[in-house]
Amino acid sequence: MYQELQKRFEQHLRGVLAAKYDLQLDSIPLEIPPDLKFGELATPIAFELARKLRKAPRIIAQEIVAALAGLEGFAGFEVAGAGYINARLERAEAVRSTAGSISHPSDKSKDVVRVGHPVHSLVEHTSINPNKAAHIGHLRNAILGDTFVRLLRAAGQKVDVQNYIDNTGVQVADVVVGFLHLEQSGVPGVSAEEQHTLAGIKKLMAYLAKEVDKNPSNRENQFDYYCWYLYARVNNWYLALDVIEQDQALVAKCKQIRLDVLHQIEAGNNEFAEIAELVSTAVLQRHLDTMLRLDIEYDFLPRESEILHLKFWEAAFEKLKQKGVLYYENEGKNKGCWVMTRPGAEIAEGDLNEDAKVIVRSNGTVTYVGKDIAYHLWKFGLLGKDFGYKPFFTYPKHECWISAEQGVEAHPQFGGAQAIYNVIDARQSDPQANVIQALRGMGYTDQANRYTHFSYEMVALTPRCAVELGYEVSEEDLKRPYIEVSGRKGFGVKADDLIDKLIAATRAEVDARQTGGAEAEAARPRIAEQIAIGALRYFMLKFTRNSVIAFDFKDALSFEGETGPYIQYAVVRARNIFRKAGTTPEAELAAFAELAGIHAYLEGDAAEDIWALWLRAARRTLVLEQCIATSEPAHLAKHAFQLAQEFNNFYHKHHILTEEDPARKTFLLATAAVALRELVLALSWLGIESPEAM
RNA sequence: GCGCCCGUAGCUCAGCUGGAUAGAGCGACUGGCUACGAACCAGUAGGUCGGGAGUUCGACUCUCUCCGGGCGCACCA
């Protein structure tokens, strides 16, 4: 609603500027005044025009205001300060329009953001190496990505959600090395030799699965947890720390073992590759389970093994050579390689560019960036090749597909998107820039412009948190503001552990409060879960993307103040009003539509807070559009919190059920209904459920 | 050495394309439950927006520089 009025005002203002001064401006600055006493909409345009028109800003503002008069939806315009133009809305009209605004995003008839024609977007997120359990850093990635998907869909876009699986990389190879060379957990009936074979590993997995069945609350037997520790052990082994310290020959031998395993996995069709496939698929399955706890689902899982075996790179290589993006280096340190110029590099014609990015090594193998270029050509439908597809995992409402060399006949279409978003942490901005540069170099300018590296900073641990968890922390690290999580060292907070902790904490809270009364005991586990997930998702979304999160259990386990549960609690309060009143929001909004003379409730000092609540509720689409334009979900998180805050304030000041004037009571109920509707909608876009009680 | 990010209240963070008296949460201190459930509300204290210069009618926001912190700059992924 607000956005509509904003656009209407802007149009009108443009008309006035054209008629009066013969001016065509490409952008009109609009802002939300800092205080309602300045109106609801403002522009400092007169300051900008002062020089051009050689007049004082205040004079210009007065002239414009005189010409603005009489715009539908607006009560009036005035000049304030040194030359601000403030607009006042027709409050009753605005409130009516907001009350009648859609309640479901699938209804595209009215208030949904529509920027140009509907875009087909592809969002890649999560993309955890399938060799260990997910940790809090991965949670930030997945929650940001999933939330952004929800925002794009709310705006009417068709979105494919992809989770890229690097199942043939060094990280998977490292765990395979661990299985092949390090001692495994003793499984009855598996000999010392057998434990290092495919058969032995299968027995170990079956054994672990049985242990998990016996006691699901002990996550240490989960396969991803097992790999978490094994991966850390392997890295120690490479450093030869737990074998023979300082033995260089042994270290070299370890490195060679690792390289051999990696090459065999990449090549495929051998026992090592089979082990890698088994291990990575099992860990991937665990990642999907973990993410599902947070209500995060995927449409497609493209794997590196298929990018290799289906020769995506070979196809891309030809195109890159044709377009001259890659060139063969004849001298210098990159002699014998195919390289590309880095973005922003300025190299004089004929000069040797030693800083160029190597895409094909002198031994003929392709680097990570090369494979990524091929994959991104596919994303935009520019490669001329496609994956095979197999169903992999069935969610309650849809199927998740995985890449395959030979897929099934019938499958959905993936790839060929118009816009892509890659949720990848800020440390990878260089390789991402290289891929964009390659697309641009090939002449795919539109695609390069619609390629968004949705970057975010890491989640680190506060030193206090690290100590709490029992890690050894050096003197030096203790002085730092935060310590980086490291999968290699097994240093970090595992996602499932954190979620378990959160659920336990919310469960204790729910029990202590006797949520829902004595008869509602059966609903409490589910409610505790909803609150825990709400707390976690909000925690990851309240920070803007480029701020490092220094993780601490104290903050993450907080349910008060600017948190998810605070917003959920506002929802529950609103619902309780309707429950106690024996009515529904829909019924009250219908009654409200018939109510006359509502302007009386919106004027005067006492009504300012109620009007402010309506006004914020009306800003839904403005916030949505801003989030998409800036790739920043934190704006919506803030919006939801402020809305909850204003509702709580309203709730406290105006006791609805004891209101004696029936017309005013209807008005107050309608206010609560709109706040409730907007809170539930905003939370759903954040991927947070609204519990019935708490 | 080069590139990117950060530095705002005791702590953790917001601050839309430069715009009106710089905001929130936590923590501290006051006060408010026989109430639509206090996971709440009201109030108080607390800031030379890292330092300096510049652009501008106007700078937390843009430019330069310095200081402090983080992360990248492989024929690793």
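Among the nucleotides B:C71, B:A14, B:A39, the one closest to the side chain of A:Ser547 is B:A14. Across B:C36, B:G70, B:A74, the shortest atom-to-atom separation from the side chain of A:Lys357 is found for B:A74. Of the candidate nucleotides B:A77, B:C5, B:A39, B:A77 has the atom lying nearest to any side-chain atom of A:Gln428. Nearest nucleotide to the A:Phe543 side chain, out of B:A39, B:C13, B:G70: B:C13. Taking only side-chain atoms of A:Asn576, from C-beta outward, the nucleotide of B:A14, B:C36, B:C75 with the closest atom is B:C36. Among the nucleotides B:C71, B:A38, B:A77, the one closest to any side-chain atom of A:Glu304 is B:A77. Residue A:Lys371 places its side chain closer to B:A77 than to any other of B:A38, B:A77, B:C36.
The side chain to side chain contact (heavy atoms under 4.5 Å, CB included) check on A:Arg488 picks up A:Asp174, A:Tyr231, A:Asn235, A:Arg258, A:Ser486, with sequence neighbours excluded. Residues that satisfy the ring pair (Phe, Tyr, Trp, His ring centres under 6.0 Å) test with A:Phe9, not counting sequence neighbours, are A:Phe74, A:Phe77. The ring pair (Phe, Tyr, Trp, His ring centres under 6.0 Å) test applied to A:Tyr482 returns no partner, not counting sequence neighbours. Residues satisfying the ring pair (Phe, Tyr, Trp, His ring centres under 6.0 Å) criterion with A:Tyr328, sequence neighbours excluded, are A:Trp338.
Atom name P, nucleotides B:C13 and B:G54: the rounded distance is 33 Å, in whole Å. Comparing the same atom, P, in B:G50 and in B:A14 gives a spacing of 14 Å after rounding to whole Å. One P atom belongs to B:A28, the other to B:C67, and the distance between them is 39 Å to the nearest Å. Across the C1' atoms, B:G69 and B:U8 are found 16 Å apart, a figure rounded to whole Å. Nucleotides B:C41 and B:G27 have their P atoms positioned 13 Å apart, rounded to a whole Å. Look at the P atom in both B:A22 and B:U44: the space between them is 16 Å, to the nearest Å. Taking atom P on both nucleotides, B:G19 is separated from B:C29 by 38 Å, rounded to a whole Å. For the P atoms, the distance linking B:C6 with B:U61 amounts to 13 Å, nearest Å.
Note: OH (A:Tyr566) to P (B:A38) measures 12 Å, nearest angstrom. Rounded to an integer number of Å, the gap from A:Tyr368 OH to B:G72 P is 14 Å. Note: CG (A:Asp425) to P (B:G72) measures 9 Å, nearest angstrom. Separating the OH atom of A:Tyr2 from the C1' atom of B:C16 is a distance of 11 Å, rounded to the nearest angstrom. As a whole-Å value, the separation of A:Glu692 CD from B:C36 P is 20 Å. Residue A:Leu643 contributes atom CG, which lies 15 Å from atom P of B:G25 at whole-angstrom precision. Separating the CD1 atom of A:Ile265 from the C1' atom of B:A77 is a distance of 13 Å, rounded to the nearest angstrom. Summarising the geometry, the separation between CD1 on A:Ile549 and P on B:U12 is reported as 14 Å, rounded to the nearest angstrom.
The residue A:Ile531 sits close to a base: some heavy atom pair falls under 4.0 Å. Note on A:Lys255: nothing from the nucleic acid sits closer than 4.0 angstrom, heavy atoms only. Using a 4.0 Å heavy-atom criterion, one finds that A:Glu484 contacts the sugar-phosphate atoms exclusively. Counting any heavy atom pair closer than 4.0 Å across all strands shown, A:Val510 reaches a base atom. A:His453 comes within 4.0 angstrom of no nucleic acid atom, judged by non-hydrogen atoms across all strands. Residue-level contact check: A:Thr515 touches the bases, meaning some heavy atom is under 4.0 Å from a base atom. No contact: A:Lys653 has no heavy atom under 4.0 Å from any strand.
A close approach under 4.0 Å does occur between a side-chain nitrogen or oxygen of A:Lys580 and OP1 or OP2 of B:G37. One finds no side-chain N or O of A:Gln645 lying less than 4.0 angstrom from the OP1 or OP2 phosphate oxygen of B:C41. Remark: A:Asn546 is not in phosphate contact with B:C5, judged by side-chain N or O atoms under 4.0 Å from OP1 or OP2. An OP1 or OP2 oxygen of B:C36 is reached within less than 4.0 angstrom by no side-chain nitrogen or oxygen of A:Arg579. Considering only side-chain N and O atoms, A:Tyr569 lies under 4.0 angstrom from the phosphate OP1 or OP2 of B:A39. Between A:His635 and B:G15, a side-chain N or O to OP1/OP2 separation shorter than 4.0 Å is present. In this structure, A:Arg545 does not reach the B:C5 phosphate: none of its side-chain N or O atoms is under 4.0 Å from OP1 or OP2. For A:Asn648, no side-chain nitrogen or oxygen approaches OP1 or OP2 of B:C40 to under 4.0 Å. Not one side-chain nitrogen or oxygen of A:Tyr651 sits closer than 4.0 Å to the OP1 or OP2 atom of B:A42. In this model, the phosphate group of B:C41 is not approached by any side-chain N or O of A:Asn649 to a distance below 4.0 Å at OP1 or OP2.
Here A:Ser280 contributes atom OG and A:Arg303 contributes atom CZ; the two are 7.0 Å apart, rounded to the nearest 0.5 Å.
Side-chain N or O atoms of A:Thr583 include none that pairs as donor or acceptor with a backbone N or O of A:Phe578 at under 3.5 Å.
Nucleotides of RNA chain B nearest to A:Val369 and A:Ile527 differ in position, and the one nearer the 5' end is that of A:Ile527. The 5' end of RNA chain B is approached more closely, in terms of each residue's nearest nucleotide, by A:Pro481 than by the other of A:Pro481 and A:Cys337.
The residues A:Glu78 and A:Arg88 are annotated as salt-bridged, a charged nitrogen and a carboxylate oxygen being separated by less than 4.0 angstrom.
A side-chain donor-acceptor contact under 3.5 Å links A:Asp260 and A:Gln256.
Aromatic ring centroids of A:Tyr164 and A:Tyr375 lie under 6.0 Å apart.
Checked against A:Val177 for a side-chain contact (heavy atoms from CB on, under 4.5 Å), the options A:Val261, A:Val170, A:Leu262 give a single hit: A:Val261.
The salt bridge (charged side-chain N to carboxylate O under 4.0 Å, His left out) analysis of residues 556-571 of chain A, with sequence neighbours excluded, yields the pairs A:Glu562-A:Lys638.
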For nucleotides 17-21 of chain B, give me every protein contact, N/O to N/O, under 3.5 Å, one pair per line with atom names.
| unit_1 | atom_1 | unit_2 | atom_2 | d |
| --- | --- | --- | --- | --- |
| B:U17 | O4 | A:Leu30 | O | 3.0 |
| B:G19 | O2' | A:Tyr84 | OH | 2.0 |
| B:A20 | O4' | A:Tyr84 | OH | 3.3 |
| B:A20 | N6 | A:Asn86 | OD1 | 2.7 |
| B:A20 | N1 | A:Asn86 | OD1 | 3.3 |
| B:A20 | N1 | A:Asn86 | ND2 | 3.2 |

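For the pair A:His655 and B:C36, the ring geometry qualifies as stacking, because the centroid separation is below 5.5 Å while the planes lie within an angle under 30°.
Judged by distance alone, with hydrogens and angles left aside, A:Ser429 brings no side-chain donor or acceptor close enough to the base of B:C4 to form a pair under 3.5 Å.
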